[in-house]
Peer 1: 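Could you have a look at this structure, given as structure tokens, before my questions?
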Amino acid sequence: MVALVTIVLLFLVALCSPAIVGTKPIVCNYKGNLYFPCLGYFNPKWENPIFIKDKFRGVYPRSLKQKDAESWAVWPLVYQDPYRRVKADEWHGVPSSREMLDNPVQNHGKPSAHNFFGTTPYGVDVFAGMVHGTRIAVLVGFVSMGIASFIGITIGALAGYFRGWIDVVLSRLIEVVMCIPTLVLILALISVIAEPTVWHLMAIIGVTSWTSIARLTRAEFLKLREMDYVAAARALGASHVRIIFIHVLRNALAPVLVPISFGVAAAILIESALSFLGFGAPPPNPSWGNLLHLGQDHILGKMWWLVLFPGLGIFLTVLCYNLVGEGLQEATDPRLRQAGK
Amino acid sequence: MTVQAPAPTPTAAAPATRPLLQVTNLKKHFPIRRGVFQRVVGHVRAVDDVSFHINPGETLGLVGESGCGKTTVGRTLLRLIEPTAGEIAFEGRDVRALSGGQLRQLRRDMQIVFQDPYGSLNPRMTIRAIVEEGLIIHGLGNRKERLEKVIDTLEDVGLDPTYINRYPHEFSGGQRQRICVARALALNPKFMVLDEPISALDVSIQSQIINLFTELRRKHNLTYLFISHDLSVVEYISDRVAVMYLGELVETGTSRELYHHAIHPYTKALLSSVPKMTPGKKPERIVLPGDVPSPSRPPPGCRFHPRCPLAIDICKVESPRETIVDGHMFRCHVMEQQLKSPASKK
Amino acid sequence: MLQYLVRRMLWGLLTLLLITFVIYGLIRFMPGDPALLKLYQESSDKKITAEQIEQQRKMYGLDQPFYIAYVKWLGDVLTGNLQTSFAYKAPVSSVIGERIGRTLMLTINSLILEYLLAIPLGLYFTARSSRLDERSGSMLLFMLYSLPSFCGALFLQLWFAVYLEWLPLHGMQSDNYEQLSTLGKTWDLFKHALLPVAAFTYGGLAYYSRFLKATMNETVRQDYIRTARAKGIGPLKVLCWHAFRNSLIPLVTQIGLTLPALLSGAIILERIFSWPGIGTLFFQSILERDYPIIMGLVLMFSILTLLGQLLADVLYAFVDPRVSYK
Amino acid sequence: MTEPLVEIKNLRTHFFTDEGVVKAVEDVSLTIPRGKTLGLVGESGCGKSVTALSIIRLISPPGKIVSGSIAFYDDGRKIELTTLPEAEMRKMRGSRIAMIFQEPMTSLNPVFTVGSQIAEAVRLHHRVSSREAWDRAVEMLHKVRIPDAQRRASEYPHHFSGGMRQRVMIAMALSCNPKLLIADEPSTALDVTIQAQVLDLLRDLQTEFGMSILIITHDLGVIAEMADDVCVMYASKVVEYAPVVELFTNPLHPYTRGLFASRPEPGKPKDQKLRTIPGVVPSPLRFPSGCKFHPRCAYAQERCKKEEPVLRRPNLSQIPPSHVVHCHFAEQIEEQEEAAVKSV
Amino acid sequence: SSQPPTTTTTTQATEVKQPTLQTFDPPPLEKLLADHQWIERPVVDSLKLRREFEKDKKPLVSVAEALAMKNDSDKANEKIVGTLGLLPKDDSAVDFDASIVRRLQQEPKSLNPILTSSMSETEINNLTAFGLFSFDWQLNPFASWDTVKSWKASDDNLVDIVVMRDDLTWSDGKPITAHDVVYSFQTIMDPNIDVPAQRSGTDKIRWVHAYDNHTVAFFHKEPLVTNVWNVNFAVIPKHVYEPHRRSDPKLERDLDIDKQVVGGAYGFASRTRGQELVLQRRESYYRHNGKQVRDKPYFQEIRFKIMPDPNTSMLELQRGGIAEAELSPGQWQEQTNDAGFYQHNTKVRGSEWTFFYFGWNFNTPYFSDLKVRQAMSYAFHHDEMLKVHCYGLFEPCTGIFHPESWMMASQPKRPPQKQDLDKAEDLLDAAGWEFDPSLGVRAKTIGGKKVPFKFTMLVRNSADRVAICELLKQNLQSIGVEVSIAALETATLQQRLQSKQFEANFGGWGTGADPDTSENIWGSNQERNWGGYSNPKVDQLFADGRKENDRQKRGAIYAEIDRLTYDDQVYTFLYYQPSLYAFSKDMRGYMFSPRGPFHYGPGFSAIWQAAQ
Ligand SMILES: Nc1ncnc2c1ncn2[C@@H]1O[C@H](COP(=O)(O)OP(=O)(O)OP(=O)(O)O)[C@@H](O)[C@H]1O
Ligand SMILES: Nc1ncnc2c1ncn2[C@@H]1O[C@H](COP(=O)(O)OP(=O)(O)OP(=O)(O)O)[C@@H](O)[C@H]1O
Ligand SMILES: [Mg+2]
Ligand SMILES: [Mg+2]
């Protein structure tokens with residue numbers, strides 16, 4: 001339950017990350033128009049080009065006041081940036097409601113009132129990175145498992161429902177993919193792509209981790225297709241498609257959710273492991289795995305905050321997904337549920 | 001009593017009207033597959049050469065021990081299982097030759113109710129969706145009409161139509177069985193296979209469901225194939241009864257005939273095995289030795305011979321023919337001889 | 001049984017063929033070229049010409065289409081020759097052979113350890129089901145299970161090797177290894193292996209004990225357990241004899257299935273501990289595009305996986321009398 | 001009257017589940033006479049199995065015997081089973097009280113041979129060598145008429161058919177000469193012809209071993225055949241308790257009456273509808289107030305809704321004293337029914 | 001297709017010429033000697049050279065002070081190197097029985113010196129392999145006194161004659177002769193052998209001939225100044241490899257460690273693949289017939305520990321487990337300042353001529369324009385990079401040759417580039433790349449089509465390098481240019497660069513021993529000229545430079561190349577990466593060359609352990 005709440009929270013953080021921490025106003029009035037520059041964190045295109053044209057140079061507080069004295073802006077809760085080092089002079093000309101300093105660099109960036117989770121050796125705020133990194137954590141889990149589930153369920157369903165030679169062929173396919181060491185597959189696929197983006201990474205993780213889902217779906221389908229209600233539907237004259245989707249899949253879905261939710265955890269782990277090996281989310285994505293990787297590089301520099309916070313983030317997220325998976329497992333297993341005290 | 005040669009068609013015993021369902025030499029052999037290559041290593045002869053007919057408005061009871069092939073017979077009739085051989089004629093149409101749309105049409109006329117009311121309802125569909133499904137598949141009526149039909153049907157089977165948006169798990173076993181019946185009934189079938197529809201129910205509920213069936217039969221002029229191993233229920237509900245043993249029909253007759261003048265030694269033993277409701281009296285029963293053999297390796301000759309108290313040599317080698325005496329069919333060498341020999345006639 | 005085994009093997013061979021073909025194609029399609037890589041390893045000191053590149057590619061057989069190269073590779077493998085590594089001037093079999101033992105030393109030990117610890121833990125948790133100690137213990141195991149092994153390894157290193165200095169940080173042997181007595185060598189190896197084995201083990205331990213607990217929980221609800229209790233058998237014996245024998249079945253099948261996973265887990269952990277096993281080799285070979293080594297390792301991984309599955313089935317038949325492959 | 005073997009008084013067994021307390025057995029009292037058979041009938045979920053499991057004390061955790069006493073009279077000693085230490089109880093199980101279960105398919109451990117499972121029971125309670133225990137196992141298998149017992153003892157349960165497994169269960173239960181055999185629906189899962197075999201066997205072995213049997217079933221026919229006394233349960237309560245012939249001739253409780261009447265009987269006219277007991281069995285979590293049968297009872301009155309009846313001897317002349325019933329209006333109903341029969 | 005398009009862009013790719021040897025009949029020695037004027041070439045004892053160099057240097061502090069000092073400034077560094085970097089006063093100061101443990105980043109793949117390809121292997125071969133030539137810390141080539149008696153070159157620069165010493169033995173006791181040199185040359189030139197790097201250089205030699213056991217002549221194809229580098233190849237024992245190649249003609253398998261025969265100062269003692277490699281001082285190297293004939297190598301034993309992970313090597317340093325290791329700037333700045341590090345070690349640095357850059361592909365619509373390249377250099381925040389990413393340790397790079405190199409000796413120092421976003425924007429505007437609000441980036445209409453200014457920067461996937469690219473990305477984003485960063489592993493990166501399918505890349509070049517080698521990078525159509533820069537003047541200057549014998553004139557030629565490339569802004573020059581090293585406190589004698597502390601003569605041979 002707590003796990004579920006945490007995951008929902010994670011989603012919220014992912015969705016609102018630019019409003020929580022960023023250097024772009026959530027909303028501002030500039031030369032008489034309203035703009036939402038913070039959307040630029042989701043997609044640079046959504047940040048109005050006027051700010052580039054007017055030579056804001058990515059620094060809003062100072063520029064806004066300089067270029068238009070009438071302007072006003074609503075700022076994110078924390079003024080820090082996940083991509084760059086924030087300098088003290090950025091607030092120049094703005095009534096100094098908040099005392100700013102240059103972000104410290106190298107191993108001087110201990111957690112402080114300005115940088116809650118410290119800074120990276122390059123002076124980028126870890127808290128900002130973590131908050132914006134949630135997006136990737138959430139996406140990696142969901143997109144990759146979405147792909148994996150799609151492939152896994154399709155293949156498992158076909159094999160389990162039609163049996164016969166389709167089953168033989170698909171089962172062999174599952175076996176082949178299972179035998180290929182995941183890391184080889186992932187590394188190979190990553191290098192095949194010219195410019196891997198985080199989306200490619202998710203796709204690749206998805207494409208390589210569907211086997212357990214397929215196996216379970218197949219088993220479920222084999223079991224469920226023998227159920228009397230399937231026979232009853234056939235007796236009513238229902239087509240295969242109808243039976244697969246309305247009768248079997250709907251009932252197979254709950255148990256299949258279990259490996260999926262464990263898979264989400266695994267996908268996050270794979271992403272961070274890949275980052276650890278230097279093949280993770282491509283820059284400048286502030287993924288937790290990348291931060292952890294940085295922390296590992298600097299572990300002897302006593303930059304514990306680089307290991308602790310992202311490590312904790314990964315650990316907690318994985319833990320939550322695992323807990324949800326566990327919960328689902330219990331909920332879908334009638335024997336366990338019966339005994340659930 | 002006259003003894004006839006095995007007749008290819010049971011017209012002699014059947015009434016003048018054409019039977020609703022005529023099954024001839026039905027066979028179903030399940031292949032036993034093994035290993036990764038799925039090689040067929042043998043066959044389960046679940047149904048082996050079964051012939052019978054059911055007249056309109058009639059209820060045929062099908063009894064027999066577990067695994068003797070009753071369910072398989074019931075399901076092959078609807079082509080839920082493809083038969084291996086034999087003919088099934090429903091209202092004169094060859095069921096096996098149907099395909100696609102015709103088969104779907106057939107399924108409007110033939111329906112089935114299963115033994116397990118827990119497993120035969122999709123747990124993720126509402127009662128309404130379940131009952132309505134057949135109508136949707138067959139494109140009958142618009143939304144409103146369908147809803148009316150669903151409500152009608154539910155009332156028919158004695159369920160409160162206000163339950164329409166509930167899920168199956170919110171119902172008791174008896175109620176679920178009613179839902180199953182409603183689902184079958186919604187399509188206005190002519191014929192229903194009832195595959196042990198009461199054996200999973202509580203004793204006090206069984207009679208409710210039995211009453212429901214008799215009532216529906218009267219109201220909708222239904223024809224039933226009633227499969228059960230509860231002999232007293234079968235006797236109560238059926239007009240005629242067929243006894244199966246190891247994939248074969250061993251005896252068929254009207255329920256009066258069969259229960260009072262059973263011919264086949266298996267039927268006799270079966271009837272005597274039923275515990276009697278007469279306490280204090282030591283039952284006189286024929287206890288059959290041994291177990292039912294596996295249908296994948298049925299004994300040669302008469303399949304019943306290893307357990308038969310009457311077995312003679314010929315039983316071990318030759319399969320007995322269908323013998324029909326006054327519309328009462330049986331397969332037994334010993335009884336055939338007995339009934340043929342004039343000495344046995346009284 | 002024999003027939004079954006033979007049939008399984010045949011299927012296995014087919015699968016192997018498929019896997020190796022797919023991987024061969026994949027690595028050949030990976031951009032990056034061992035010939036180029038080799039040429040550019042030197043700094044700008046040496047000039048490179050197009051002829052050199054071409055010649056180098058020819059030397060590595062890269063001028064042929066991949067399927068032809070694959071057939072050639074297959075032919076070599078069938079004659080027992082895994083070809084020669086591009087980078088290491090040695091046959092693939094000897095490069096792998098030199099390291100496999102070291103990886104197995106970690107993985108087999110951790111596998112044994114996992115089972116040795118997980119079984120009593122699982123039994124204990126089943127026995128103490130839903131008491132305080134079971135709940136906190138299970139939660140702890142669950143957290144361990146969720147802790148990525150590379151994080152765990154880092155923490156282990158920091159704590160035991162850096163702060164406490166009890167154990168060596170990395171590597172497999174001390175400097176003075178050669179001078180040690182047999183006992184000393186064993187002790188030295190043991191000390192070096194302790195941390196990596198621990199890092200390998202804790203996740204699996206958590207997984208297996210939870211797995212065992214789950215299957216045991218299911219088993220103890222079976223009718224035959226009630227029968228056993230009705231016979232008057234004590235709870236401990238019921239648990240360890242009747243229930244455990246049955247839970248062993250799924251547990252044993254896990255051995256076969258996790259063997260290859262242990263090896264691929266080695267890639268990261270061996271890097272962290274500078275353990276010169278095949279995990280490191282694998283990663284390195286991918287980066288260096290050392291095709292013969294990659295293929296050799298893939299072949300080995302796949303054979304292991306397939307053998308693992310076979311082993312799982314055979315063990316299954318061994319512990320479960322209901323299964324027989326006739 | 002001789003001393004009974006087991007005397008249960010006011011037994012209450014409850015399950016403390018998340019949804020609430022399931023009062024599976026409420027205030028049940030019964031006696032199992034020596035060498036005789038007591039039949040326990042009732043709807044599914046009415047508490048038959050829980051009663052039996054309470055005797056052998058195998059109620060699993062959320063369940064607990066809340067109150068009541070179960071006295072076991074062993075060689076003149078009275079043993080109170082509810083308070084017996086677990087170690088002592090273990091000694092009772094198998095040796096004094098044995099139990100067989102409904103599902104012969106799952107009640108044997110699939111990974112041990114049949115012989116070893118029987119021998120294990122023998123060795124638990126007797127100081128014998130494993131050889132002797134094995135011989136005893138084979139002997140028992142022989143006794144339950146398993147052909148070729150010597151060989152089959154070393155086979156695994158999956159080699160046996162359902163009926164044979166049930167016989168193995170019986171052999172195992174009887175291997176230590178128990179005083180009481182609890183048979184929880186021993187034949188429900190079996191075919192009629194096999195059921196006949198098993199019931200015959202049980203009866204024969206009872207004469208041979210002289211044990212008492214508590215047989216649980218919902219088949220009245222089995223009761224008629226096997227039991228000496230019958231106890232009818234409904235919704236965790238005993239509703240009627242009488243010698244078998246008495247009960248079959250004079251059922252008094254409306255539920256028992258319904259049970260008999262709703263059975264299609266050979267010779268009953270077919271065109272007539274079966275009599276039914278309307279409604280459904282109440283959930284043990286939400287028992288109705290007063291008499292738990294009242295929502296389904298044709299004779300229910302205001303009093304039934306409020307006041308829980310007690311188990312009592314009805315005030316009817318032709319009823320023997322051993323016949324007790326749990327109904328406020330047993331006498332009135334009897335009169336009504338008789339009147340109805342006469343009027344037909 | 002199965003063939004990655006490696007060679008499709010090169011013109012000569014179609015016909016593959018094998019660098020096989022043309023047979024050559026060397027003239028008799030007498031005739032040869034008579035036909036030419038001979039110029040004596042230097043034969044140098046590198047240690048002696050060092051001693052002479054140190055002769056009038058006074059240590060700034062005492063050894064004890066130097067050892068107690070923290071290296072936190074240039075001053076401190078100078079003091080430490082100037083004191084601890086000295087050679088021993090006399091042999092009694094040296095612990096000749098010492099064993100040194102060194103870190104190897106990578107497992108050496110082959111121990112055969114002619115197959116050397118990686119840094120690790122070079123490291124080992126420096127100690128074990130036999131060679132006739134070397135160069136000093138100013139990259140001046142010479143013949144090594146250890147192995148050569150005399151070296152003279154013909155006046156036309158086409159023949160070199162070397163007389164080898166007669167007290168040379170292989171580790172198996174066989175003498176090292178001129179025939180081994182010839183055999184090695186021929187082996188390297190065998191096209192079936194996987195030695196591409198070695199062959200570049202030797203392929204400029206026409207023939208090598210042994211006139212007797214000690215006299216060997218090198219015949220060159222062209223009269224080049226750079227021939228002095230081409231003759232510098234490793235020598236392998238003929239008597240070992242000749243039989244070996246009968247079973248392994250392509251040299252695909254290394255000899256077992258106990259069968260290895262070496263001619264260098266150290267021999268192989270044992271090897272555990274993936275773990276360590278142990279070398280031992282060779283008695284027969286420095287003693288001949290019971291007499292010491294060469295300097296005794298300072299270490300009894302050298303243990304190479306293979307430690308790919310920098311963290312483990314750091315911890316080993318702190319534990320005192322290894323005696324030297326290269327440090328990353330992060331380690332230098334963050335991990336080596338506490339007592340834990342200084343307990344066993346000290347650290348030193350020296351400048352190295354390895355520079356880093358953003359390279360631009362001239363074949364793209366963006367970077368074909370000089371203004372754009374200039375704009376890039378103005379847009380980048382150099383100071384932020386130097387301060388943050390370079391830890392304030394690195395010098396800014398201002399051109400392709402290091403300002404302190406002999407090539408640039410006569411040139412004034414160029415001021416480092418500074419960020420000027422306004423100028424950058426002006427340049428972009430001038431180049432036609434104007435801001436397009438509908439695209440959100442700058443764009444230019446080329447051939448009727450609007451091309452947005454978006455490009456991808458290729459970089460190796462190491463965090464430090466990626467971070468610098470991210471800085472550029474931020475800088476360019478603020479002036480309306482979109483950069484995506486592709487962090488690739490080496491093999492893929494190499495492939496992309498080679499096939500020229502990229503727009504920009506981040507990279508670095510180490511310095512070659514001779515400036516001529518960099519023709520490969522800036523000459524038109526050269527293999528390493530990925531950006532496709534082409535300037536006929538530069539090509540011509542390289543051709544001239546090869547032939548110019550006078551060092552000063554030669555220097556001027558290269559300075560001109562430097563000017564041309566800078567004016568063309570082929571690269572945006574970033575920084576020089578210095579050598580950063582940690583040494584155990586027991587170690588002495590280290591000195592930095594532009595190629596680090598080891599890879600020159602005497603290099604490692606000058607390092608010694610102080611006697612207790
Ligand atoms: N799909 C199948 N594949 C293989 N064998 C089957 C299949 N379905 C049924 N059988 C076998 O066919 C035989 C007859 O089965 P069927 O279910 O028809 O028996 P039944 O008389 O309905 O038994 P029960 O009373 O237990 O329902 C059995 O031996 C069964 O094992
Ligand atoms: N472990 C348990 N946890 C919770 N409730 C239980 C448990 N075991 C039994 N019960 C409840 O106790 C009541 C009595 O169960 P019991 O098994 O005695 O019924 P029964 O009369 O034997 O029924 P059946 O004829 O179906 O075997 C039921 O309502 C059941 O739900
Ligand atoms: Mg059936
Ligand atoms: Mg029960």
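The sequence lines fix the lettering, A, B, ..., with proteins before strands; numbering per chain opens at 1. When reading the values below, keep in mind they use all heavy atoms of this one structure, side chains included, and skip hydrogens, waters and symmetry mates.
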Peer 1: With a 4.5 Å limit on heavy-atom distance, are the side chains of Ser209(A) and Met145(A) in contact?
Peer 2: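 Side-chain contact under 4.5 Å: yes.
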Peer 1: Taking side chain as everything from C-beta outward and backbone as N, CA, C, O, which of these in Leu78(B) sits under 4.5 Å from a heavy atom of chain A? Side chain, backbone, both or neither.
Peer 2: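 For Leu78(B), the side chain is the part near chain A, not the backbone.
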Peer 1: Does this structure show an ion pair linking Arg93(B) with Asp109(B), if we count only N-O contacts that are shorter than 4.0 Å?
Peer 2: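 A salt bridge links Arg93(B) with Asp109(B).
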Peer 1: What part of Ile246(A) lies closer than 4.5 angstrom to a heavy atom of chain B: side chain, backbone, both or neither?
Peer 2: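 Contact with chain B involves both backbone and side-chain atoms of Ile246(A).
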Peer 1: Give me the ring orientation class for Phe171(B) and Tyr163(B): parallel if the planes are under 30° apart, tilted from 30 to 60°, perpendicular past 60°.
Peer 2: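 Ring orientation of Phe171(B) relative to Tyr163(B): perpendicular.
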Peer 1: Would Glu133(B) and His138(B) satisfy side chain to side chain donor-acceptor pair (under 3.5 Å), going step by step from the backbone distance to the final call?
Peer 2: CA-CA 9 Å; Glu133(B) 189 176 16; His138(B) 291 278; over 6 Å; no
Peer 1: Using the benzene-type ring in the case of Trp, are the ring centres of Phe221(A) and Phe162(A) under 6.0 Å apart?
Peer 2: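 No - the distance between ring centres of Phe221(A) and Phe162(A) does not fall below the 6.0 Å cut-off.
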Peer 1: Enumerate by number any residue of residues 147-156 of chain A whose heavy atoms lie under 4.5 Å from heavy atoms of chain B; in the absence of such residues, state 'none'.
Peer 2: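 Answer by number: none.
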Peer 1: Please classify the contact between Ile136(B) and chain A as side chain, backbone, both or neither, with a heavy-atom cut-off of under 4.5 Å.
Peer 2: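 For Ile136(B), side-chain heavy atoms alone lie under 4.5 Å from chain A.
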Peer 1: State whether Glu82(B) and Arg79(B) are salt-bridged, where the test is any N-O pair (Lys NZ or Arg NE/NH1/NH2 against Asp/Glu carboxylate O) under 4.0 Å.
Peer 2: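 Salt bridge present between Glu82(B) and Arg79(B).
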Peer 1: Does any donor atom in the side chain of Ser171(A) or Asp167(A) lie under 3.5 Å from an acceptor atom in the other side chain?
Peer 2: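 Result is yes, a qualifying pair exists.
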